[in-house]
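This report concerns only the one structure given below.
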Amino acid sequence: MTNIKITKLNASDENFNTQLRDLLAWNESDDLDIQQRVLNIIADVRKNGDSAVIEYTNRFDHCHVSVANELEISKEQLKNAWHNLPTEQAQALESAAQRIRAYAEKQKMESWQYTEADGTVLGQKITPLDRVGLYVPGGKAAYPSSVLMNAIPAKVAGVPELIMVVPTPNGETNELVLAAAYLAGVDRAFAIGGAQAVAALAYGTQTIPAVAKIVGPGNIYVATAKKLVFGQVGIDMIAGPSEILIICDGKTNPDWIAMDLFSQAEHDEDAQSILISDDATYLEAVEASINKLLPTMERAEIICTSLTNRGALILVENLEQAAEVANIIAPEHLELSVENPENLCEKIRHAGAIFMGRYTAEALGDYCAGPNHVLPTSSTARFSSPLGVYDFQKRSSLINCSAIGANSLGKIASTLARGESLTAHARSAEYRLK
């Protein structure tokens, strides 16, 4: 395998900002053909319910379903999958679940209220969503970690019913996914996938209940369907390709950093792996490690394409400038592989998850550290946050006016309402004045 031609940038160059913008550009334009197909599927499922879901499941997943109840994966199947797992896998899943749950417990929002001097009570009431749908990729691809990351926060939030959908191409179920679903407390599971599964969750069918929110990753058809049903239901996010940005002071083993870059590049050809350092010699050392280690990787071709097309080594003058560049990139995953990560972290404003210190590989966050691995991509960390318990809770405002409070607030409301020519508003408040 020939050496990778990875992009090299210097933050001091006059045209650096333009080069960086070009590097970050993600041109997944809306495919109108896919959008129309998905719209047709959604309309069909809304109109014909189970029969449409069965038809698409048989067509796209090459299944042989004849009646709707064959779509449901029984609680017994989930339980058996868990009990039949090899001991090492079961222990790993359980340890990860415990850590994810412990972290999620810290995120729970609580109801609160306070009483003003005149007796008026103001507050906030927190309630969980009634029912949530979890989309899980199926078939040969196994993402039990995604099941845990999406299901456990929902259950910690108090969601009473969690519905999982997972495609089973050619009738093939993934035992790890089913086991994770049992462990995480999934209430019902259905062997369906694609846009038809999203439509079924959004609008409900005779067999599949409608949900309030849909979470979980999927292919372009699933992502498009989630976009199109948003408003009917809530969604978590529309995720772009996976990303890692590493800031290193030149003192971490270059092999470690090369492998950390690989850990995201192996996802797919569009994944993005970037290293920033203030040490030019170190950047060369990491490049040498990349070329040395690449032939040992099972997914070498994918990694090579990813690093060639979207990877980069960026030279900066100092770590402060590295932080400035990181805030422009607003990465999904940010590793601070430096001597004093706490100091550098104070300068970071935009990142999905921050991995601090030389020993904190991003991969630990993907599986078992505890914080959620569902993170904002494509610079959306500028305004978005990781998935958490708060995504499965909602807030209601509480207002309980005393007679005295109604008198003082009513005068204010009346004045403002009449200023907006909304007389009924004003008189509604005035009726309660003394």
Side-chain angles (χ1 to χ4, degrees), residues 24 26 28 96-97 99-104 106-107 132 134-137 141 143-154 156-157 180 184 213-219 222-223 226-227 230 234-247 260-268 270-276 306 310-311 323 325-337 341 345 348-357 360-393:
L24 299 177
W26 171 241
E28 189 185 31
R99 296 185 62 85
I100 294 164
R101 190 173 289 109
Y103 187 87
K106 304 281 187 187
Q107 295 182 321
V132 168
L134 166 56
Y135 190 97
V136 181
Y143 298 106
S145 57
S146 284
V147 177
L148 301 183
M149 294 286 182
N150 283 276
I152 290 174
V156 169
K213 190 168 194 172
I214 300 172
V215 300
N219 63 19
V222 172
K226 283 171 71 177
K227 280 184 189 177
F230 176 64
I235 61 172
D236 48 356
M237 62 185 76
I238 303 297
S242 191
E243 310 156 358
I244 187 169
L245 173 63
I246 303 173
I247 297 176
D260 290 353
L261 295 170
F262 288 176
S263 72
Q264 296 312 297
E266 75 173 348
H267 274 293
D268 60 63
D270 294 318
Q272 186 156 61
S273 300
I274 298 173
L275 169 63
I276 300 176
S306 168
R310 304 202 72 219
V325 174
N327 285 324
I328 294 170
I329 295 172
E332 178 187 18
H333 308 101
L334 174 62
E335 283 188 13
L336 303 181
S337 193
C345 187
I348 301 299
R349 299 190 310 280
H350 311 305
I354 303 172
F355 302 81
M356 300 170 66
T360 314
E362 184 279 325
L364 303 183
D366 279 345
Y367 295 104
C368 57
N372 213 288
H373 77 194
V374 181
L375 302 166
T377 62
S378 305
S379 296
T380 57
R382 291 175 296 110
F383 55 82
S384 296
S385 307
L387 188 74
V389 172
Y390 31 74
D391 290 295
F392 302 101
Q393 296 178 305

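Each residue takes its place number in the sequence, starting with 1. Just so we're clear, the structure is a prediction, and the values are computed from it rather than from any experiment. Basis for what follows: all heavy atoms, side chains included, without hydrogens, waters or symmetry-related copies.
- Nearest heavy-atom pair across I235 and I238 is CD1-CD1, 3.8 Å.
- Atoms CD and CG, on E335 and L275 in that order, are 9.5 Å from each other to the nearest 0.5 Å.
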Please determine whether side chain to side chain contact (heavy atoms under 4.5 Å, CB included) holds for the pair L387 and F392, giving the CA-CA distance in whole Å, both sets of side-chain angles, and the decisive distance to 0.1 Å. CA-CA 9 Å; L387 188 74; F392 302 101; 4.3 Å; yes
Might you work through the side chain to side chain contact (heavy atoms under 4.5 Å, CB included) test for I100 and M149, ending with a clear yes or no? CA-CA 7 Å; I100 294 164; M149 294 286 182; 3.8 Å; yes
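- Under the 3.5 Å distance criterion, the side-chain polar atoms of R310 are left unmatched by any main-chain donor or acceptor of A271.
- D366 approaches H333 most closely through the heavy-atom pair OD1-NE2, 3.9 Å.
- At distances below 3.5 Å, at least one donor-acceptor pair connects side-chain atoms of N327 with backbone N or O atoms of R349.
- Residues H373 and S146 bring a donor and an acceptor atom of their side chains to less than 3.5 Å of each other.
- Looking at every heavy atom in both residues, A381 comes nearest to P331 through CB-O, 4.1 Å.
- Atom-to-atom distance recorded for L24:CG and I329:CD1 is 5.5 Å, nearest 0.5 angstrom.
- Within the 4.5 Å cutoff, no side-chain heavy atoms of D391 are placed close to those of V215.
- In this structure a side-chain-to-backbone donor-acceptor pair under 3.5 Å is missing from K213 to L134.
- Scanning both residues, S378 and G240, for their nearest heavy atoms gives OG-CA, 4.0 Å.
- When every heavy atom of P153 is checked against every heavy atom of V389, the shortest pair comes out as O-CG2, 3.8 Å.
- Put simply, CZ on F355 and CD1 on I244 are 7.5 Å apart, with the number rounded to the nearest 0.5 Å.
- Atom OH of Y367 has 12 or fewer neighbouring heavy atoms from other residues, nucleotides or ligands inside a 6.0 Å radius.
- No donor-acceptor distance shorter than 3.5 angstrom exists from the side chain of R99 to the backbone of A96, with no hydrogens or angles considered.
- Taking CG of L261 as the start and CD of E266 as the end, the distance is 12.0 Å to the nearest 0.5 Å.
- Within the 3.5 Å criterion, the main-chain N or O of T377 finds a donor-acceptor partner in the side chain of T380.
- Going from atom CD of E362 over to atom OG1 of T360 covers 11.5 Å, rounded to the nearest 0.5 Å.
- Proximity of P137 to P217: side-chain heavy atoms (C-beta onward) are separated by under 4.5 Å at one or more points.
- Between the side chains of Q272 and Q264, no donor N or O sits under 3.5 Å from an acceptor N or O.
- Side chains of E332 and S242: a donor on one and an acceptor on the other come within 3.5 Å.
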Criterion side chain to side chain contact (heavy atoms under 4.5 Å, CB included) on N150 and V147, from CA distance to verdict: CA-CA 5 Å; N150 283 276; V147 177; over 6 Å; no
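- Put simply, the side chain of E243 never gets that close to the backbone of S273: no donor and acceptor are under 3.5 Å apart.
- With sequence neighbours excluded, the residues forming a salt bridge (charged side-chain N to carboxylate O under 4.0 Å, His left out) with D236 are K226, listed by chain and number.
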Between I246 and I274, is the side chain to side chain contact (heavy atoms under 4.5 Å, CB included) condition met? List the steps. CA-CA 6 Å; I246 303 173; I274 298 173; over 6 Å; no
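- Listed by chain and residue number, nothing satisfies the side-chain hydrogen bond (donor to acceptor under 3.5 Å, both in side chains) test with S306 (two or more places apart in sequence, or in another chain).
- In terms of heavy-atom proximity, V374 sits nearest to M237 at CG1-CE, 3.9 Å.
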